[in-house]
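Just so you know, ligand 1 is whichever comes first in the structure, and atom 1 is the first atom listed for that ligand. What you see is a predicted model, and the numbers here were worked out from it, not measured in a lab. Only this structure's heavy atoms are used, side chains among them; waters, hydrogens and symmetry mates stay out.
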Amino acid sequence: MVVFKEQLKQKILQILKELAQRKGLDPEGIRAEHLSVENPPKPELGDLAIPLFPFAKVFRMPPQTLSSLVGEELQQKDSLPEGIDRFSIVGPYLNIFLNRSLVTGLLFQQIRTEGDRFGSSSILSSKRIMVEFSSPNTNKPLHLGHLRNDALGESVARILRFSGATVRTVDLINDRGIHICKSMLAYQELGHGRTPEDEGLKSDHFVGKYYVLYNELAKRDPEAEDRARNMLVKWEQGDPEVRLLWEKMNRWAIEGIKRTYERTGIHFDQFYFESEVYLKGKEEVLKGLEKGIFYQEADGSIWVNLEDIGLDRKVLLRSDGTSLYVTQDIGTAISRYKDWPFDVMIYVVASEQNYHFKVLFSILERLGYEWAKNLYHLSYGMVNLPEGKMKSREGTVVDADDLLDELTEMAKEEIRTKEREGEVGDLEGTAGKIALGALHYYLLQPSPSKDIVFNPRESLSFTGNTGPYIQYTGARICSMVRKLDEVPQVKERTGKPSDLNTGEEWELVKLLFEFPAMVEQSAISYNPSLLANYLYEVSKTFSRYYHEHPILFAENPDVAASRVQLSRCVLQVLKNGMHLLNIPFLEVM
Ligand code: ARG
């Protein structure tokens with residue numbers, strides 16, 4: 001579609017410039033960026049529309065007069081660009097009708113040759129983009145918020161890669177600090193050397209249990225906090241006993257967390273550990289102090305003053321020399337750039353931390369790092385469950401593994417009620433994939449900045465704006481393709497674009513041709529929701545078509561073959577799009 005739009009644009013631009021010249025106006029006044037090619041609101045109006053009012057002023061005439069003039073020119077030239085059948089003038093608009101079989105033929109051919117790569121491009125081919133996401137703390141397992149984070153990070157990374165960028169996904173494991181010491185303290189005092197195996201718990205859940213126990217302990221015993229602080233100081237001093245305990249518990253936490261990543265199809269190219277980079281931040285702060293970028297208070301603490309840019313004063317090193325969250329982030333960013341110089345680094349982190357990232361980016365800029373202007377905070381809203389659903393052990397946070405289990409159970413129920421266990425075969429595997437499809441779609445469909453309420457039941461519905469509905473559309477086409485053996489007269493034919501004559505087919509062709517542009521838009525705006533909504537549109541349009549027209553059993557086998565061909569194109573687009581959103585594809589469900 002992009003080709004036609006571009007050709008058309010050039011043609012109209014040329015006509016406008018010639019017209020201007022003839023009228024003694026400066027053709028330089030005709031600017032390409034004022035020319036847009038739009039989709040008309042109703043299909044009867046045409047396939048593409050060019051509004052001419054942005055040029056009316058230059059020509060000093062009403063837009064309607066200008067559009068008629070352009071129309072006359074197009075007519076006279078008698079050389080409509082390739083693929084364009086005819087046009088009409090409606091008010092200030094030039095409406096274009098494309099040659100349906102030519103466009104359809106092109107789509108068939110392109111999807112056939114590109115297959116799994118259809119929709120990919122090289123728009124970002126010179127870019128090295130680092131995407132940081134997930135970044136859990138090692139005192140507890142992943143929760144619902146991480147699932148949204150992971151869904152976004154993984155999808156953005158896949159979309160950027162598909163658009164040609166060299167992408168490196170990284171996970172920053174926050175493995176040090178007072179919160180980590182809290183679960184360690186509870187374990188030391190209440191754990192009696194037990195292991196996750198002893199208690200039959202997934203290892204990160206085991207660690208999380210002690211974090212909960214710490215909170216209970218701290219309520220009973222006001223000195224617990226001091227003991228945890230003391231442990232942190234010992235940790236910083238490298239106390240062997242504390243370090244040993246720390247290593248053991250971190251191993252448990254990280255092993256468990258990685259199992260959840262495997263389950264959700266999340267991949268990282270590199271893990272960073274806060275414990276390994278936070279000292280680097282400390283050094284930078286001291287250097288900044290020497291250079292006069294930061295200042296020191298009487299108690300020895302080191303600060304930055306960002307009031308001149310509308311932010312606050314912020315402490316970077318406490319008086320006891322311990323560092324803060326932002327301190328380690330300074331070190332982490334610098335280490336990463338050294339390891340892998342990037343053009344852009346995206347931090348996928350909740351909107352609660354908007355202020356933190358403003359501060360961080362400004363500090364790095366002040367320290368003189370050129371690349372600091374290429375740091376981007378991909379901020380996303382909160383995720384909640386509807387009131388009363390699945391409270392976690394702590395009573396507030398919803399555990400990721402528990403939620404996945406629950407969704408899988410519900411998907412199994414759904415398969416059983418539909419009496420599809422036989423067809424599906426692997427009940428557990430299929431239900432797991434449906435659960436992931438439901439979850440990822442639900443989390444990616446709204447724009448990232450919106451807060452959302454995750455409704456498990458709604459997310460799993462096989463109809464409506466859901467992941468399973470999209471999976472189901474794909475599975476339905478697969479089942480149709482399998483049935484092709486039953487109709488050899490259709491199977492042996494290759495479809496011809498000219499056999500497709502219904503409005504629904506043309507609508508589908510145009511929609512499928514938009515896929516590469518959708519991927520591109522999602523890539524440049526770091527926004528998978530555009531793609532999610534697009535896939536829903538494709539599924540809906542196909543379902544309508546499928547209900548209104550026989551495909552395999554169309555009366556004329558040539559028409560049937562062409563319809564199958566079109567359905568295969570839908571399938572390929574759904575598959576490619578689902579991969580980019582990390583929604584598992586299912587042949588049967
Ligand atoms: N672990 C942090 C938290 O749970 C998020 C880390 C985000 N990434 C970063 N570079 N600061 O709040």
Side-chain angles (χ1 to χ4, degrees), residues 129-154 156-157 168-183 204 207-208 211 249-250 253-254 256-258 260-261 266 268-282 284-285 314 316 323-340 342 344-364 367 369 371-372 374-383 392 394 396-400 448 526:
I129 306 182
M130 190 177 268
V131 185
E132 185 220 277
F133 64 101
S134 202
S135 300
N137 303 331
T138 54
N139 60 340
K140 50 185 171 187
L142 301 180
H143 55 71
L144 178 53
H146 287 112
L147 290 174
R148 185 174 193 188
N149 184 317
D150 292 353
L152 264 172
E154 180 69 28
V156 165
R168 190 168 183 79
T169 51
V170 304
D171 189 0
L172 171 67
I173 309 277
N174 285 104
D175 61 347
R176 62 158 287 283
I178 188 67
H179 49 308
I180 309 297
C181 288
K182 287 177 177 175
S183 40
D204 51 338
V207 174
Y211 189 63
M249 289 187 79
N250 267 346
I254 294 167
I257 289 171
K258 284 188 176 170
T260 310
Y261 291 149
I266 303 296
F268 293 101
D269 297 314
Q270 193 177 353
F271 289 90
Y272 281 91
F273 297 90
E274 188 180 317
S275 58
E276 289 170 7
V277 284
Y278 86 106
L279 285 173
K280 175 99 190 119
K282 232 167 157 170
E284 283 295 324
V285 170
K314 176 106 192 143
L316 301 176
S323 43
L324 290 98
Y325 181 48
V326 69
T327 324
Q328 68 79 25
D329 249 336
I330 297 170
T332 310
I334 297 167
S335 307
R336 283 180 188 167
Y337 189 81
K338 279 220 182 98
D339 291 350
W340 199 79
F342 47 74
V344 179
M345 170 152 67
I346 302 173
Y347 291 90
V348 183
V349 182
S351 56
E352 295 156 346
Q353 297 192 27
N354 286 354
Y355 186 77
H356 168 76
F357 283 99
K358 273 195 202 151
V359 169
L360 174 66
F361 298 169
S362 319
I363 294 176
L364 287 164
L367 285 170
Y369 292 102
W371 44 264
N374 303 324
L375 303 175
Y376 181 84
H377 175 203
L378 176 49
S379 164
Y380 62 88
M382 302 245 292
V383 202
S392 81
E394 278 177 87
T396 47
V397 184
V398 179
D399 182 86
Y526 310 143

Is it the case that more than 12 heavy atoms not belonging to Lys358 sit under 6.0 Å from its NZ atom?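 Check fails, neighbour count at 12 or below.
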Give the atoms of ligand 1, by number and element, whose distance to some non-hydrogen atom of [X] is under 4.0 Å.
{"X": "Leu172", "value": "9 (C), 10 (N)"}
{"X": "Tyr347", "value": "10 (N)"}
{"X": "Asp329", "value": "9 (C), 10 (N), 11 (N)"}

Hey, does Ile173 have a side-chain heavy atom less than 4.5 Å from the side chain of Ile257?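 No, their side chains stay 4.5 Å or more apart.
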When you measure from [atom] to every protein heavy atom, which one gives the shortest distance, and what is it?
{"atom": "atom 1 (N) of ligand 1", "value": "Asn174 OD1, 2.4 Å"}
{"atom": "atom 8 (N) of ligand 1", "value": "Glu132 OE2, 2.9 Å"}
{"atom": "atom 4 (O) of ligand 1", "value": "Asn137 ND2, 3.2 Å"}

Can a non-hydrogen atom of Gln353 be found less than 4.0 Å from any atom of ligand 1?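 The answer is yes: ligand 1 sits under 4.0 Å from a heavy atom of Gln353.
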Is there a heavy atom of Thr332 sitting under 4.0 angstrom from any atom of ligand 1?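 Thr332 does not count as a contact of ligand 1 under the 4.0 Å cut-off.
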Does the Lys NZ or Arg CZ of Arg176 fall within the cation-pi geometry relative to Tyr278 - under 6.0 Å from the ring centre and within 45° of the axis?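 Arg176 over Tyr278 ring: yes.
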So, is the end of the Arg148 side chain (NZ or CZ) under 6.0 Å from the ring centre of Tyr380 and within 45° of the ring's axis?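 No, Arg148 does not sit over the ring of Tyr380.
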Would you tell me which option among Tyr325, Tyr272, Phe357 has the nearest heavy-atom contact to atom 5 (C) of ligand 1?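 Ranked by closest heavy atom to atom 5 (C) of ligand 1, first place is Tyr325.
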So how far is it from His146 NE2 to Ile266 CD1, rounded to the nearest 0.5 Å?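 Taking NE2 in His146 and CD1 in Ile266, the distance rounds to 12.0 Å.
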To the nearest 0.5 Å, what is the distance between CG on Asp329 and OG on Ser323?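 Going from CG on Asp329 over to OG on Ser323, the span is 11.0 Å.
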For the pair Trp371 and Tyr337, name the ring-plane relationship: parallel under 30°, tilted 30 to 60°, perpendicular over 60°.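 If you compare the ring of Trp371 with that of Tyr337, the planes turn out parallel.
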